[in-house]
Amino acid sequence: MTQKSKSNLVQNYRRQNFSPVRGKGVWLYDNSGNKYLDALSGIAVNTLGHSHQTMKKNLKEQIENLIHVSNLYGIPLQEQLGTKLCSLTGLSSAFFCNSGLEANEAALKYARKFAVIKSVRNPKIIVFNNAFHGRSFATMSASDKKKGTKNNFGNSMPGFVRAPINDIRAIEDLSKKYDNIVAVMLEPIQGEGGINLSEVKFLKDLRMLCSKKKWLLILDEVQCGIARTGKWFAFQWAGITPDVVTLAKGLGSGVPIGATLVQKPFSRLIGAGEHGSTFGGNPLAMQAALTTISVIETEGLLNNALQMGQKIVKRLEAGLNGYEEVIEIRYKGLMIGIEFAIDCSDLVNLALAENLLINVTGGNVVRILPPLILKKSEAIAISTKVISVIRKLINYA
Ligand code: PLP
């Protein structure tokens, strides 16, 4: 059942006419047993696909032992995950919460506290065109107005100034215009904004500028992090280390989790009682994330994301060659976007009719974010089906 008129749910989602009840690997099943190829992973969440054996086993054991304890007490699995994420990112401290927006709220609180310590009044944070950081007041304000409906909720939170990505001159110009900038917040690859990649040079220049100006460099890896691009984190393609990184989505492979990682000495900016979360860092979520990371390592999923991404994109490029409605295919690993010159929203339903789950963002970019456990035959099936529905759309249009 989807949106029926007698539903007691708030009608804040445009749901498709599809209700999966079971999943296995990259496949989802409805209650009639029909099988759907999941090329979206719950929007970059199901890193290990559905019902992964190791995840099932570890979560079952964890549920039998302990689901939740308060952060008033020591949580060894939280220490373990914090240590692992710090070693993978090169940062020094971790805070755990439950979602992407919460991870970004914490990052923004770091930036604001940094301003207070530096006695900067009315601090400004540089954010970007087409950015999406979440739907709380702060993260909605940091997001581009094109993403979401922030204008429907009254005044935005002040303190954000905006620039285009891949334009270091625009950032330098802002630094001349404002003497109260304290941080830059960027998705290394914009997801909701249409799979827009920051260039390596831009990331390197931004890192240098932030260090020179003593601004915090905050990278939102909620969608592009955790092996999706073929490296643990998208910023690693540029060989830089940010001051703050936010994670969520794929970190727990479906169990809600968020994380804010902070570099020394900034990690000491927030002290006891200044931030927290009731559920954040509970043993169940920590187990899910530790298992996700360990399976990525043991099953070689970094390399698989690279290989399968290339396979899909090569086939898409060949199959869509000559279609002038297709502007560009952009990708890094298994984060793939196809930009159209026309509205391509209908592709979602055309794909569903062919038992394929994809997404369209901004009305003209198809988003493909399959689980990282994708096999060659499944990568081929995704590209074949995507090409077929795009041809259908274009021939109808
Ligand atoms: N940041 C990015 C880059 C995202 O893509 C999203 C969600 O799509 C968020 C933050 C917000 O995450 P959540 O929906 O878990 O609050």
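We use all heavy atoms of the structure for the numbers below, so side chains are in, but hydrogens, waters and symmetry mates are not. Just so you know, ligand 1 is whichever comes first in the structure, and atom 1 is the first atom listed for that ligand. These numbers come from a predicted model, not from an experiment.
The nearest heavy-atom contact from the protein to atom 5 (O) of ligand 1 is Gln223 NE2, 2.7 Å. Summary of contacts: the protein heavy atom closest to atom 7 (C) of ligand 1 is Lys249 CE, 3.3 Å. Distance from atom 1 (N) of ligand 1 to its nearest protein heavy atom, with residue and atom name: Asp220 OD2, 2.8 Å. In terms of protein heavy-atom proximity, atom 12 (O) of ligand 1 is closest to Gly100 CA, 3.3 Å.
A donor-acceptor contact closer than 3.5 angstrom is absent between the side chains of Asn34 and Asn355. Of the N and O atoms on the side chains of Gln287 and Glu61, not one donor lies less than 3.5 Å from an acceptor on the other residue. In this model, no donor atom of one side chain and acceptor atom of the other lie less than 3.5 Å apart for Glu105 and His133. A donor-acceptor contact under 3.5 angstrom links the side chains of Asn98 and Ser277, judged on distance only.
Remark: Ile312 CD1 to Ile338 CD1 distance equals 9.5 Å, nearest 0.5 Å.
Residue contacts with ligand 1 for Glu102 are absent, since no atom lies close enough (heavy atoms, distance under 4.0 Å). If you look at Asn104 next to ligand 1, the close heavy atoms, those under 4.0 Å, all belong to the side chain. Of all the heavy atoms of Ser99, the ones lying under 4.0 Å from any atom of ligand 1 are found in both the backbone and the side chain. Contacts between Glu187 and ligand 1 below 4.0 angstrom, taking non-hydrogen atoms only, involve the side chain exclusively. In Leu101, the parts holding a heavy atom less than 4.0 Å from any atom of ligand 1 are both the side chain and the backbone.
Shown in contact with Phe132 at under 4.0 Å from a heavy atom are these atoms of ligand 1, numbered in order with element: 1 (N), 2 (C), 3 (C), 4 (C), 6 (C), 7 (C), 8 (O), 9 (C).
Ring geometry, Phe137 versus Phe153: the interplanar angle exceeds 60°, so the pair is classed perpendicular (tilted spans 30 to 60°).
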Inset, instruction - Any chance you could lay out the side chain to side chain contact (heavy atoms under 4.5 Å, CB included) test for Glu299 and Asn304, step after step, and finish with the verdict? - result: CA-CA 9 Å; Glu299 294 189 8; Asn304 195 56; over 6 Å; no
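Clustering ILVMFWY residues whenever any of their side-chain heavy atoms sit less than 4.5 angstrom apart, transitively, puts Leu350 in the very cluster that holds Phe340.
Within the 4.0 angstrom cut-off, atom 14 (O) of ligand 1 has no protein heavy-atom neighbours.
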